[in-house]
There are 2 protein chains.
Amino acid sequence: MLREDITEAIRLAVLEELAAHGYGRMSIEAVARRAGVGKTAVYRRWPSKLRLVIDVVSAVAVQDVAIPDTGTLRGDVRDLLGKIARALRDPLATQIVPDLLAEAARNPDIARTLEAALRDTQQSVVTEVLGNAAARGELPAGADADLALDLITGPLYWRLAVARTTLPADYLDDLAAATTAALTAPRTTRDG
Amino acid sequence: MLREDITEAIRLAVLEELAAHGYGRMSIEAVARRAGVGKTAVYRRWPSKLRLVIDVVSAVAVQDVAIPDTGTLRGDVRDLLGKIARALRDPLATQIVPDLLAEAARNPDIARTLEAALRDTQQSVVTEVLGNAAARGELPAGADADLALDLITGPLYWRLAVARTTLPADYLDDLAAATTAALTAPRTTRDG
DNA sequence: CCACGTCGGAACGCAACCGTTTCGTCGTGG
DNA sequence: CCACGACGAAACGGTTGCGTTCCGACGTGG
(Lines give C-alpha, C1' and ligand atoms only; values in the text may rest on other atoms or scores of the structure.)
Protein backbone atom coordinates (compact mmCIF):
# COMPACT_ATOMS: atom_id res chain seq x y z
CA MET A 1 0.00 0.00 0.00
CA LEU A 2 1.61 3.25 -1.13
CA ARG A 3 1.54 5.91 1.54
CA GLU A 4 -0.80 8.71 0.51
CA ASP A 5 1.01 11.39 2.52
CA ILE A 6 4.16 10.69 0.54
CA THR A 7 2.30 10.76 -2.76
CA GLU A 8 0.92 14.15 -1.77
CA ALA A 9 4.35 15.46 -0.77
CA ILE A 10 5.67 14.47 -4.19
CA ARG A 11 2.76 16.18 -5.95
CA LEU A 12 3.46 19.41 -4.10
CA ALA A 13 7.17 19.16 -4.81
CA VAL A 14 6.45 18.76 -8.51
CA LEU A 15 4.45 21.98 -8.57
CA GLU A 16 7.17 23.84 -6.72
CA GLU A 17 9.91 22.51 -8.96
CA LEU A 18 7.88 23.38 -12.05
CA ALA A 19 7.46 26.92 -10.80
CA ALA A 20 11.09 27.28 -9.83
CA HIS A 21 12.81 25.74 -12.84
CA GLY A 22 10.23 24.98 -15.51
CA TYR A 23 9.38 21.69 -17.13
CA GLY A 24 12.57 21.54 -19.16
CA ARG A 25 14.86 21.78 -16.17
CA MET A 26 12.71 19.86 -13.72
CA SER A 27 14.39 16.63 -12.63
CA ILE A 28 13.06 13.64 -10.76
CA GLU A 29 16.01 13.84 -8.44
CA ALA A 30 15.19 17.41 -7.46
CA VAL A 31 11.53 16.53 -6.91
CA ALA A 32 12.45 13.68 -4.59
CA ARG A 33 14.97 15.88 -2.80
CA ARG A 34 12.43 18.65 -2.27
CA ALA A 35 9.75 16.22 -1.13
CA GLY A 36 12.21 14.70 1.34
CA VAL A 37 11.71 11.33 -0.25
CA GLY A 38 13.78 8.66 -1.97
CA LYS A 39 13.87 8.55 -5.76
CA THR A 40 12.46 5.07 -5.41
CA ALA A 41 9.23 6.44 -3.99
CA VAL A 42 8.73 8.52 -7.12
CA TYR A 43 9.55 5.79 -9.63
CA ARG A 44 7.30 3.40 -7.76
CA ARG A 45 4.37 5.68 -8.61
CA TRP A 46 5.08 7.16 -12.02
CA PRO A 47 7.12 5.74 -14.89
CA SER A 48 8.45 9.02 -16.27
CA LYS A 49 8.70 12.75 -15.76
CA LEU A 50 6.04 13.32 -18.42
CA ARG A 51 3.49 11.02 -16.76
CA LEU A 52 4.28 12.50 -13.39
CA VAL A 53 3.67 16.06 -14.52
CA ILE A 54 0.56 15.19 -16.48
CA ASP A 55 -0.94 13.40 -13.50
CA VAL A 56 -0.16 16.20 -11.06
CA VAL A 57 -1.41 18.94 -13.35
CA SER A 58 -4.60 17.06 -14.15
CA ALA A 59 -5.28 16.56 -10.47
CA VAL A 60 -4.91 20.27 -9.77
CA ALA A 61 -6.87 21.55 -12.74
CA VAL A 62 -10.15 19.70 -12.34
CA GLN A 63 -11.72 22.49 -10.30
CA ASP A 64 -14.83 23.32 -12.32
CA VAL A 65 -16.02 26.87 -12.61
CA ALA A 66 -19.42 27.95 -11.36
CA ILE A 67 -21.51 29.59 -14.06
CA PRO A 68 -22.30 33.18 -13.13
CA ASP A 69 -25.90 34.36 -13.36
CA THR A 70 -26.07 37.99 -12.32
CA GLY A 71 -28.90 38.92 -14.62
CA THR A 72 -26.90 41.02 -17.06
CA LEU A 73 -24.21 40.12 -19.57
CA ARG A 74 -21.92 42.73 -18.16
CA GLY A 75 -22.37 41.41 -14.65
CA ASP A 76 -21.63 37.88 -15.80
CA VAL A 77 -18.53 39.02 -17.69
CA ARG A 78 -17.31 40.94 -14.67
CA ASP A 79 -17.79 37.83 -12.56
CA LEU A 80 -15.82 35.67 -14.98
CA LEU A 81 -13.01 38.20 -15.21
CA GLY A 82 -12.75 38.29 -11.45
CA LYS A 83 -12.44 34.53 -11.29
CA ILE A 84 -9.87 34.40 -14.06
CA ALA A 85 -7.86 37.16 -12.42
CA ARG A 86 -7.90 35.35 -9.10
CA ALA A 87 -6.75 32.12 -10.75
CA LEU A 88 -3.97 33.87 -12.67
CA ARG A 89 -2.81 35.76 -9.62
CA ASP A 90 -1.92 32.57 -7.80
CA PRO A 91 1.88 32.69 -7.97
CA LEU A 92 2.21 28.98 -8.61
CA ALA A 93 -0.24 29.14 -11.52
CA THR A 94 1.36 32.24 -12.99
CA GLN A 95 4.72 30.51 -13.10
CA ILE A 96 3.57 27.08 -14.19
CA VAL A 97 0.87 27.73 -16.76
CA PRO A 98 2.96 29.72 -19.27
CA ASP A 99 5.75 27.24 -18.92
CA LEU A 100 3.54 24.25 -19.62
CA LEU A 101 1.87 26.07 -22.49
CA ALA A 102 5.26 26.64 -24.07
CA GLU A 103 6.11 23.00 -23.52
CA ALA A 104 2.77 21.98 -25.02
CA ALA A 105 3.95 23.35 -28.34
CA ARG A 106 6.46 20.49 -28.44
CA ASN A 107 4.62 17.82 -26.53
CA PRO A 108 1.23 16.53 -27.71
CA ASP A 109 0.49 14.79 -24.40
CA ILE A 110 0.90 17.98 -22.42
CA ALA A 111 -1.03 19.87 -25.08
CA ARG A 112 -3.95 17.50 -24.73
CA THR A 113 -3.90 17.72 -20.95
CA LEU A 114 -3.96 21.50 -20.95
CA GLU A 115 -6.55 21.60 -23.69
CA ALA A 116 -8.84 19.55 -21.51
CA ALA A 117 -8.01 21.46 -18.34
CA LEU A 118 -8.10 25.02 -19.61
CA ARG A 119 -10.12 25.49 -22.72
CA ASP A 120 -12.89 22.95 -22.48
CA THR A 121 -14.15 24.01 -19.07
CA GLN A 122 -14.06 27.67 -20.00
CA GLN A 123 -15.70 27.01 -23.34
CA SER A 124 -18.83 25.57 -21.78
CA VAL A 125 -19.10 28.43 -19.30
CA VAL A 126 -18.81 31.04 -22.02
CA THR A 127 -21.37 29.25 -24.17
CA GLU A 128 -23.76 29.21 -21.22
CA VAL A 129 -23.28 32.88 -20.42
CA LEU A 130 -23.80 33.86 -24.05
CA GLY A 131 -26.90 31.70 -24.18
CA ASN A 132 -28.36 33.42 -21.13
CA ALA A 133 -27.63 36.83 -22.60
CA ALA A 134 -29.26 35.82 -25.86
CA ALA A 135 -32.32 34.61 -23.96
CA ARG A 136 -32.57 38.04 -22.31
CA GLY A 137 -32.26 39.70 -25.73
CA GLU A 138 -28.91 41.28 -24.95
CA LEU A 139 -27.30 39.44 -27.83
CA PRO A 140 -28.36 38.11 -31.18
CA ALA A 141 -28.58 34.31 -31.06
CA GLY A 142 -25.76 32.28 -32.55
CA ALA A 143 -22.94 34.46 -31.32
CA ASP A 144 -19.44 33.14 -31.91
CA ALA A 145 -18.45 31.39 -28.67
CA ASP A 146 -14.85 30.92 -29.81
CA LEU A 147 -14.36 34.60 -30.49
CA ALA A 148 -16.12 35.43 -27.24
CA LEU A 149 -13.74 33.24 -25.26
CA ASP A 150 -10.79 34.97 -26.91
CA LEU A 151 -12.22 38.37 -26.05
CA ILE A 152 -12.86 37.48 -22.42
CA THR A 153 -9.74 35.50 -21.64
CA GLY A 154 -7.17 37.13 -23.90
CA PRO A 155 -6.69 40.60 -22.43
CA LEU A 156 -6.45 39.35 -18.84
CA TYR A 157 -4.12 36.54 -19.74
CA TRP A 158 -1.93 38.95 -21.65
CA ARG A 159 -1.89 41.37 -18.78
CA LEU A 160 -1.30 38.94 -15.91
CA ALA A 161 0.63 36.07 -17.45
CA VAL A 162 2.52 37.78 -20.27
CA ALA A 163 3.13 41.42 -19.40
CA ARG A 164 2.90 40.58 -15.68
CA THR A 165 1.93 44.06 -14.60
CA THR A 166 -0.30 44.78 -11.66
CA LEU A 167 -3.96 45.68 -12.10
CA PRO A 168 -4.91 49.28 -11.36
CA ALA A 169 -8.03 49.87 -9.30
CA ASP A 170 -11.18 49.61 -11.44
CA TYR A 171 -9.22 47.75 -14.11
CA LEU A 172 -11.52 44.75 -14.01
CA ASP A 173 -14.57 47.01 -14.13
CA ASP A 174 -13.21 48.90 -17.13
CA LEU A 175 -12.25 45.66 -18.82
CA ALA A 176 -15.69 44.18 -18.17
CA ALA A 177 -17.32 47.22 -19.75
CA ALA A 178 -15.04 47.10 -22.77
CA THR A 179 -15.40 43.35 -23.20
CA THR A 180 -19.18 43.54 -22.97
CA ALA A 181 -19.14 46.19 -25.67
CA ALA A 182 -16.98 43.92 -27.79
CA LEU A 183 -19.33 40.98 -27.32
CA THR A 184 -22.39 42.99 -28.30
CA ALA A 185 -20.75 44.58 -31.33
CA PRO A 186 -22.37 43.61 -34.64
CA ARG A 187 -20.45 41.10 -36.76
CA THR A 188 -18.95 42.04 -40.09
CA THR A 189 -20.42 41.86 -43.56
CA ARG A 190 -20.75 38.15 -44.19
CA ASP A 191 -23.88 37.52 -42.15
CA GLY A 192 -25.27 40.93 -41.47
CA MET B 1 38.59 39.37 -36.78
CA LEU B 2 35.59 37.14 -36.00
CA ARG B 3 33.99 35.78 -39.11
CA GLU B 4 30.52 37.25 -39.55
CA ASP B 5 29.12 34.28 -41.46
CA ILE B 6 29.91 32.06 -38.50
CA THR B 7 28.35 34.51 -36.06
CA GLU B 8 25.23 34.46 -38.20
CA ALA B 9 25.16 30.67 -38.36
CA ILE B 10 25.31 30.54 -34.58
CA ARG B 11 22.49 33.08 -34.26
CA LEU B 12 20.28 30.99 -36.51
CA ALA B 13 21.17 27.81 -34.66
CA VAL B 14 20.19 29.46 -31.38
CA LEU B 15 16.74 30.28 -32.70
CA GLU B 16 16.27 26.77 -34.01
CA GLU B 17 17.42 25.18 -30.77
CA LEU B 18 15.19 27.49 -28.76
CA ALA B 19 12.23 26.50 -30.88
CA ALA B 20 13.04 22.80 -30.73
CA HIS B 21 13.91 22.39 -27.07
CA GLY B 22 13.18 25.63 -25.24
CA TYR B 23 15.50 27.81 -23.22
CA GLY B 24 15.75 25.39 -20.32
CA ARG B 25 16.95 22.51 -22.43
CA MET B 26 19.02 24.50 -24.89
CA SER B 27 22.74 23.71 -24.61
CA ILE B 28 25.75 25.47 -26.04
CA GLU B 29 27.00 22.16 -27.31
CA ALA B 30 23.84 21.58 -29.32
CA VAL B 31 23.95 25.11 -30.73
CA ALA B 32 27.52 24.64 -31.93
CA ARG B 33 26.66 21.22 -33.34
CA ARG B 34 23.66 22.58 -35.25
CA ALA B 35 25.63 25.53 -36.56
CA GLY B 36 28.39 23.19 -37.71
CA VAL B 37 30.87 25.07 -35.59
CA GLY B 38 33.26 24.41 -32.73
CA LYS B 39 32.23 25.22 -29.19
CA THR B 40 35.21 27.55 -29.12
CA ALA B 41 33.62 29.78 -31.76
CA VAL B 42 30.60 30.28 -29.53
CA TYR B 43 32.51 30.96 -26.32
CA ARG B 44 34.76 33.37 -28.18
CA ARG B 45 31.69 35.52 -28.84
CA TRP B 46 29.43 35.19 -25.81
CA PRO B 47 30.30 34.42 -22.20
CA SER B 48 27.17 32.46 -21.31
CA LYS B 49 23.97 30.96 -22.59
CA LEU B 50 21.98 33.83 -21.10
CA ARG B 51 24.00 36.53 -22.87
CA LEU B 52 23.89 34.55 -26.09
CA VAL B 53 20.13 34.24 -26.07
CA ILE B 54 19.57 37.84 -25.03
CA ASP B 55 21.80 39.09 -27.82
CA VAL B 56 20.18 36.93 -30.46
CA VAL B 57 16.64 37.75 -29.41
CA SER B 58 17.37 41.46 -29.24
CA ALA B 59 18.83 41.38 -32.73
CA VAL B 60 15.74 39.69 -34.12
CA ALA B 61 13.17 41.80 -32.31
CA VAL B 62 14.23 45.30 -33.27
CA GLN B 63 11.96 45.40 -36.29
CA ASP B 64 9.86 48.49 -35.65
CA VAL B 65 6.22 48.57 -36.58
CA ALA B 66 4.84 51.07 -39.04
CA ILE B 67 2.01 53.11 -37.57
CA PRO B 68 -1.20 52.51 -39.52
CA ASP B 69 -3.17 55.54 -40.68
CA THR B 70 -6.23 54.32 -42.52
CA GLY B 71 -8.47 57.20 -41.49
CA THR B 72 -10.69 55.25 -39.12
CA LEU B 73 -10.02 53.64 -35.75
CA ARG B 74 -11.46 50.38 -36.95
CA GLY B 75 -9.25 50.41 -40.02
CA ASP B 76 -6.17 51.07 -37.91
CA VAL B 77 -7.10 48.31 -35.48
CA ARG B 78 -7.66 45.89 -38.34
CA ASP B 79 -4.25 46.79 -39.70
CA LEU B 80 -2.55 46.20 -36.35
CA LEU B 81 -4.30 42.88 -35.86
CA GLY B 82 -3.14 41.75 -39.27
CA LYS B 83 0.44 42.58 -38.45
CA ILE B 84 0.29 40.89 -35.07
CA ALA B 85 -1.30 37.81 -36.60
CA ARG B 86 1.40 37.62 -39.24
CA ALA B 87 4.14 37.92 -36.62
CA LEU B 88 2.56 35.30 -34.38
CA ARG B 89 2.02 32.90 -37.26
CA ASP B 90 5.74 32.63 -37.91
CA PRO B 91 6.46 29.13 -36.59
CA LEU B 92 9.76 30.13 -35.04
CA ALA B 93 8.15 33.03 -33.16
CA THR B 94 5.20 30.93 -32.03
CA GLN B 95 7.54 28.41 -30.47
CA ILE B 96 10.09 30.78 -29.02
CA VAL B 97 8.06 33.66 -27.64
CA PRO B 98 5.93 31.72 -25.15
CA ASP B 99 8.97 29.82 -24.03
CA LEU B 100 10.99 32.96 -23.35
CA LEU B 101 8.03 34.59 -21.65
CA ALA B 102 7.80 31.66 -19.28
CA GLU B 103 11.52 31.90 -18.66
CA ALA B 104 11.20 35.64 -18.10
CA ALA B 105 9.16 34.92 -15.00
CA ARG B 106 12.34 33.51 -13.46
CA ASN B 107 14.99 35.61 -15.15
CA PRO B 108 15.00 39.40 -14.84
CA ASP B 109 17.48 39.84 -17.71
CA ILE B 110 15.27 38.00 -20.13
CA ALA B 111 12.24 39.81 -18.74
CA ARG B 112 13.84 43.17 -19.42
CA THR B 113 14.86 42.17 -22.93
CA LEU B 114 11.37 41.04 -23.84
CA GLU B 115 9.79 44.03 -22.16
CA ALA B 116 11.84 46.29 -24.40
CA ALA B 117 11.32 44.18 -27.50
CA LEU B 118 7.63 43.45 -27.20
CA ARG B 119 5.75 45.91 -25.09
CA ASP B 120 7.51 49.21 -25.56
CA THR B 121 7.33 49.25 -29.33
CA GLN B 122 3.69 48.23 -29.30
CA GLN B 123 2.87 50.73 -26.60
CA SER B 124 3.95 53.69 -28.69
CA VAL B 125 2.03 52.45 -31.71
CA VAL B 126 -1.15 52.02 -29.71
CA THR B 127 -0.78 55.43 -28.13
CA GLU B 128 -0.37 56.97 -31.57
CA VAL B 129 -3.40 55.20 -33.01
CA LEU B 130 -5.55 56.22 -30.04
CA GLY B 131 -4.32 59.80 -30.38
CA ASN B 132 -5.28 59.89 -34.04
CA ALA B 133 -8.71 58.50 -33.25
CA ALA B 134 -9.20 61.08 -30.50
CA ALA B 135 -8.18 63.84 -32.92
CA ARG B 136 -10.88 62.62 -35.29
CA GLY B 137 -13.40 62.61 -32.46
CA GLU B 138 -13.85 58.86 -32.51
CA LEU B 139 -12.67 58.60 -28.94
CA PRO B 140 -12.74 60.78 -25.86
CA ALA B 141 -9.26 62.11 -25.15
CA GLY B 142 -7.23 60.51 -22.40
CA ALA B 143 -8.17 56.94 -23.20
CA ASP B 144 -6.29 54.26 -21.28
CA ALA B 145 -3.45 53.13 -23.54
CA ASP B 146 -2.53 50.22 -21.28
CA LEU B 147 -6.02 48.81 -21.35
CA ALA B 148 -6.18 49.41 -25.09
CA LEU B 149 -3.01 47.43 -25.67
CA ASP B 150 -4.42 44.55 -23.63
CA LEU B 151 -7.64 44.64 -25.64
CA ILE B 152 -5.84 44.63 -28.98
CA THR B 153 -3.05 42.19 -28.29
CA GLY B 154 -4.65 39.84 -25.78
CA PRO B 155 -7.28 37.99 -27.79
CA LEU B 156 -4.96 37.31 -30.74
CA TYR B 157 -2.11 36.24 -28.53
CA TRP B 158 -4.41 33.93 -26.65
CA ARG B 159 -5.75 32.47 -29.85
CA LEU B 160 -2.49 32.01 -31.75
CA ALA B 161 0.14 31.47 -29.07
CA VAL B 162 -1.87 29.86 -26.29
CA ALA B 163 -4.82 27.97 -27.73
CA ARG B 164 -2.97 27.58 -31.05
CA THR B 165 -6.06 27.14 -33.15
CA THR B 166 -6.34 28.29 -36.73
CA LEU B 167 -8.14 31.50 -37.65
CA PRO B 168 -11.47 31.12 -39.48
CA ALA B 169 -12.08 33.33 -42.47
CA ASP B 170 -13.22 36.80 -41.41
CA TYR B 171 -11.90 36.19 -37.91
CA LEU B 172 -9.63 39.22 -38.02
CA ASP B 173 -12.46 41.36 -39.36
CA ASP B 174 -14.82 40.21 -36.62
CA LEU B 175 -12.13 40.72 -34.02
CA ALA B 176 -11.37 44.21 -35.33
CA ALA B 177 -15.03 45.14 -35.10
CA ALA B 178 -15.33 43.76 -31.58
CA THR B 179 -12.09 45.37 -30.43
CA THR B 180 -13.07 48.74 -31.83
CA ALA B 181 -16.34 48.52 -29.95
CA ALA B 182 -14.38 47.70 -26.81
CA LEU B 183 -12.09 50.68 -27.29
CA THR B 184 -14.95 53.12 -27.79
CA ALA B 185 -16.97 51.81 -24.85
CA PRO B 186 -17.48 54.35 -22.08
CA ARG B 187 -15.39 53.87 -18.94
CA THR B 188 -16.91 52.93 -15.64
CA THR B 189 -18.17 55.16 -12.86
CA ARG B 190 -15.01 56.79 -11.54
CA ASP B 191 -14.53 59.41 -14.26
CA GLY B 192 -17.79 59.37 -16.17
C1' DC C 1 3.92 -12.45 15.44
C1' DC C 2 5.62 -12.91 11.15
C1' DA C 3 6.04 -11.86 6.30
C1' DC C 4 5.48 -8.63 2.90
C1' DG C 5 6.00 -4.28 0.86
C1' DT C 6 7.14 0.48 1.29
C1' DC C 7 10.39 3.49 3.13
C1' DG C 8 15.04 6.40 2.65
C1' DG C 9 19.70 6.01 1.33
C1' DA C 10 23.44 4.80 -1.40
C1' DA C 11 25.60 3.23 -5.20
C1' DC C 12 25.62 1.50 -9.95
C1' DG C 13 27.04 2.48 -15.18
C1' DC C 14 25.78 5.64 -18.57
C1' DA C 15 24.99 9.93 -20.91
C1' DA C 16 24.98 14.89 -21.60
C1' DC C 17 26.90 19.24 -20.87
C1' DC C 18 29.68 22.44 -18.48
C1' DG C 19 33.75 25.83 -19.39
C1' DT C 20 38.63 25.41 -20.44
C1' DT C 21 42.76 24.04 -22.75
C1' DT C 22 45.59 22.28 -26.39
C1' DC C 23 46.49 21.21 -30.98
C1' DG C 24 47.25 21.66 -36.07
C1' DT C 25 45.12 24.08 -39.99
C1' DC C 26 43.82 27.77 -42.69
C1' DG C 27 43.33 32.47 -44.43
C1' DT C 28 43.92 37.11 -44.28
C1' DG C 29 45.90 41.84 -43.08
C1' DG C 30 49.86 44.29 -42.79
C1' DC D 1 55.47 36.57 -47.27
C1' DC D 2 54.96 36.05 -42.68
C1' DA D 3 52.80 36.33 -38.25
C1' DC D 4 48.70 36.58 -35.95
C1' DG D 5 44.31 35.01 -34.90
C1' DA D 6 40.14 32.57 -35.80
C1' DC D 7 38.86 28.07 -37.07
C1' DG D 8 37.27 22.80 -35.95
C1' DA D 9 38.36 18.96 -33.28
C1' DA D 10 39.37 16.64 -29.32
C1' DA D 11 40.14 15.94 -24.69
C1' DC D 12 40.20 17.61 -19.97
C1' DG D 13 37.92 16.98 -14.95
C1' DG D 14 33.69 18.00 -12.89
C1' DT D 15 28.70 18.14 -12.29
C1' DT D 16 24.07 16.58 -12.89
C1' DG D 17 20.60 13.57 -14.00
C1' DC D 18 19.08 9.21 -15.84
C1' DG D 19 16.75 4.61 -14.49
C1' DT D 20 18.03 0.55 -11.86
C1' DT D 21 19.52 -2.18 -8.05
C1' DC D 22 20.57 -3.47 -3.39
C1' DC D 23 20.31 -2.61 1.39
C1' DG D 24 18.59 -2.49 6.29
C1' DA D 25 14.78 -0.36 8.87
C1' DC D 26 10.22 0.22 9.78
C1' DG D 27 5.25 -0.72 10.28
C1' DT D 28 1.15 -2.67 9.11
C1' DG D 29 -2.24 -6.33 7.66
C1' DG D 30 -3.34 -10.80 7.98
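A, B, ... follow the sequence lines: proteins, then strands. Residue 1 opens every chain.
Look at B:R33 and you'll find a side-chain N or O under 4.0 angstrom from OP1 or OP2 of C:dC17.
One atom, CZ of B:R3, and another, C1' of D:dG5, lie 12 Å apart when rounded to the nearest Å. Spacing between atom CD of A:E29 and atom P of D:dT15 amounts to 15 Å, rounded to whole angstrom units. Between the CZ atom of B:R25 and the P atom of C:dA15 there is a distance of 18 Å, given to the nearest Å. In this structure, CD of A:E8 is placed 14 Å from P of C:dC7, rounded to the nearest angstrom. Between the P atom of D:dT28 and the CG atom of A:D5 lies a distance of 11 Å, rounded to the nearest Å. At whole-Å resolution of the value, NZ in A:K49 and P in D:dG17 are 10 Å apart. Summarising the geometry, the separation between CZ on A:R45 and C1' on C:dC7 is reported as 9 Å, rounded to the nearest angstrom. When the P atom of C:dT28 is taken as reference, atom CG of B:L2 falls 15 Å away, rounded to whole Å.
The listed nucleotides are C:dT20, D:dC18, D:dT21; the one nearest the side chain of A:T40 is D:dT21. When distances are taken from the side chain of B:I28 to each of C:dC18, C:dC7, D:dT20, the shortest belongs to C:dC18.
The base of D:dG19 sits with one of its N or O atoms less than 3.5 Å from a complementary donor or acceptor on the side chain of A:K39.
Not one N or O on the side chain of B:R33 forms a donor-acceptor pair closer than 3.5 Å with the backbone of B:K39.
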Let's go through B:T94 and B:R164 carefully: what are the C-alpha distance in whole Å and the side-chain angles of both, what is the deciding distance for side-chain hydrogen bond (donor to acceptor under 3.5 Å, both in side chains) to 0.1 Å, and is it a yes or a no? CA-CA 9 Å; B:T94 312; B:R164 292 176 199 276; 5.4 Å; no
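Across all non-hydrogen atoms, the minimal contact from B:A20 to A:R106 is O-CD, 3.0 Å.
By the 30° and 60° cut-offs, the orientation of the rings of B:W158 relative to A:Y157 is perpendicular.
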